[in-house]
Amino acid sequence: MEVSRHKEILIDFLNDILKGQKIIMDLRITNKEVLGKQIDNRSVLIDVACEGENGETFIVEVQRASQKFFNDRALYYCANIITTNAPKGKYNGVEWDYEQKEIYFVGILDFLLSNAPKQQYFHRVNLEYEGTHLKFSKKFQMSFLEVPKFSKEDNIISGIDQWMYIFKNLKNLKEVPRFLRIPKFKKLFAASNYL
C-alpha cells in the first residue's frame, strides 16, 4: 500500500496513537532519507516520514525482526531529525533561538522490547522530571506497539486496540470483524489486498 495515496489512513492511525494530545488534520509525506552531517556519518532511511501542518515531524517504523538496540535506533532517528531542524545563520533576519519543532516517533514491533513493562503492549515515552511526571518538553514523544503481546479477542473498543488487532490478525482474517466495520477501517481494508 503506497502511503502517499492513502495518507488519510495514516492520519487516522496517528490520531489514535496521540489520543487527543494533538489532532492531525493533514500531513505531507517527506523524504525518508536523512543524510548524516559528515561524509563518514551514516544516513537514516525511515519507513514513513511526514510533516504536520505546524512543521512537526512524524516518524513511523515497522520492525519485524528483533533488533537488540531498537531503542537506540529510535533515539538516533529522532536526533537526526532534530539536527536537520537547526537552520544555519539567520532565519528571516533573526538568529535561531533553538526552538524545536515537535517530533513523534511510532514503532510498530513484531518483537518484544527488552526493557519495556511486561504487562503492557502500548508504550508512550516522554521527557519528564523524575518523580513528578511533569513534562520537561512536550516536543518529543515516542510510542511503541509490541504486537506479539496483544492477545485480546473481544472488548476491543479503543483505537489502539483496534489497530493492534489488525496488525496481529490481518494476514489471517477471512472477513472484517463487526467492530472494525467503521469508516476509518473501511478505507484500510479497501486499500489492502487481504480482504
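Quick note: numbers below take in every heavy atom, side chains included, and nothing from hydrogens, waters or symmetry partners.
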*List the steps and the verdict of side-chain contact (heavy atoms from CB on, under 4.5 Å) for Ile82 and Ile103.*
CA-CA 8 Å; Ile82 289 170; Ile103 297 176; 3.2 Å; yes

Assess whether a salt bridge exists between [X] and [Y], defined as any Lys/Arg side-chain N lying under 4.0 Å from an Asp/Glu carboxylate O.
| X | Y | answer |
| --- | --- | --- |
| Glu99 | Lys139 | yes |
| Glu175 | Arg181 | yes |
| Glu51 | Lys101 | no |

_As a quick check of understanding, evaluate salt bridge (charged side-chain N to carboxylate O under 4.0 Å, His left out) for Glu56 and Lys22, giving each step before the final call._
CA-CA 11 Å; Glu56 62 270 52; Lys22 172 181 256 346; 3.3 Å; yes

_Taking salt bridge (charged side-chain N to carboxylate O under 4.0 Å, His left out) as the criterion, tell me which of Lys187, Lys186, Lys184 meets it with Asp12._
Lys187

What's the spacing between [X] [atom1] and [Y] [atom2] if we round to 0.5 Å?
| X | Y | atom1 | atom2 | answer |
| --- | --- | --- | --- | --- |
| Gln141 | Asn126 | CD | CG | 4.5 Å |
| Leu18 | Glu102 | CG | CD | 9.0 Å |
| Lys19 | Ser158 | NZ | OG | 7.0 Å |
| Glu153 | Lys168 | CD | NZ | 8.5 Å |
| Ile46 | Phe58 | CD1 | CZ | 13.5 Å |
| Ile108 | Glu61 | CD1 | CD | 9.5 Å |

Would you check if the side chain of [X] reaches a backbone N or O of [Y] as a donor-acceptor pair within less than 3.5 Å?
| X | Y | value |
| --- | --- | --- |
| Lys152 | Asp161 | no |
| Asp16 | Ile160 | no |
| Glu146 | Leu112 | no |
| Arg124 | Ile17 | yes |

By ring pair (Phe, Tyr, Trp, His ring centres under 6.0 Å), which residues pair with [X], not counting sequence neighbours?
| X | result |
| --- | --- |
| Phe13 | Trp163, Phe167 |
| Tyr98 | Trp96 |
| Tyr121 | Phe150 |

When you group the ILVMFWY residues by side-chain heavy-atom contacts below 4.5 Å and let the links chain together, are [Y] and [X] in the same group?
| X | Y | result |
| --- | --- | --- |
| Ile11 | Met25 | no |
| Leu134 | Phe140 | yes |
| Val125 | Tyr129 | yes |

Beyond-backbone contact of [X] with [Y], side-chain heavy atoms, under 4.5 angstrom:
| X | Y | result |
| --- | --- | --- |
| Met142 | Leu75 | yes |
| Leu10 | Val48 | yes |
| Leu109 | Val147 | no |
| Phe69 | Tyr76 | no |
| Gln63 | Arg73 | yes |
| Leu14 | Tyr104 | no |

*Would you find more than 12 non-hydrogen atoms of other residues, nucleotides or ligands less than 6.0 Å from Glu130 atom CD?*
no

Minimum heavy-atom distance [X]-[Y], with the two atoms named:
| X | Y | answer |
| --- | --- | --- |
| Gln162 | Ile157 | NE2-O, 3.5 Å |
| Thr83 | Asn80 | OG1-O, 2.9 Å |
| Pro117 | Lys149 | O-NZ, 2.7 Å |
| Lys7 | Leu27 | NZ-O, 2.8 Å |

_Worked verdict on Tyr165 versus Phe179 for ring pair (Phe, Tyr, Trp, His ring centres under 6.0 Å)_ = CA-CA 10 Å; Tyr165 183 89; Phe179 61 88; 5.0 Å; yes

*Parallel, tilted or perpendicular, as decided by the 30° and 60° cut-offs, for the rings of Phe144 and Phe105*: tilted

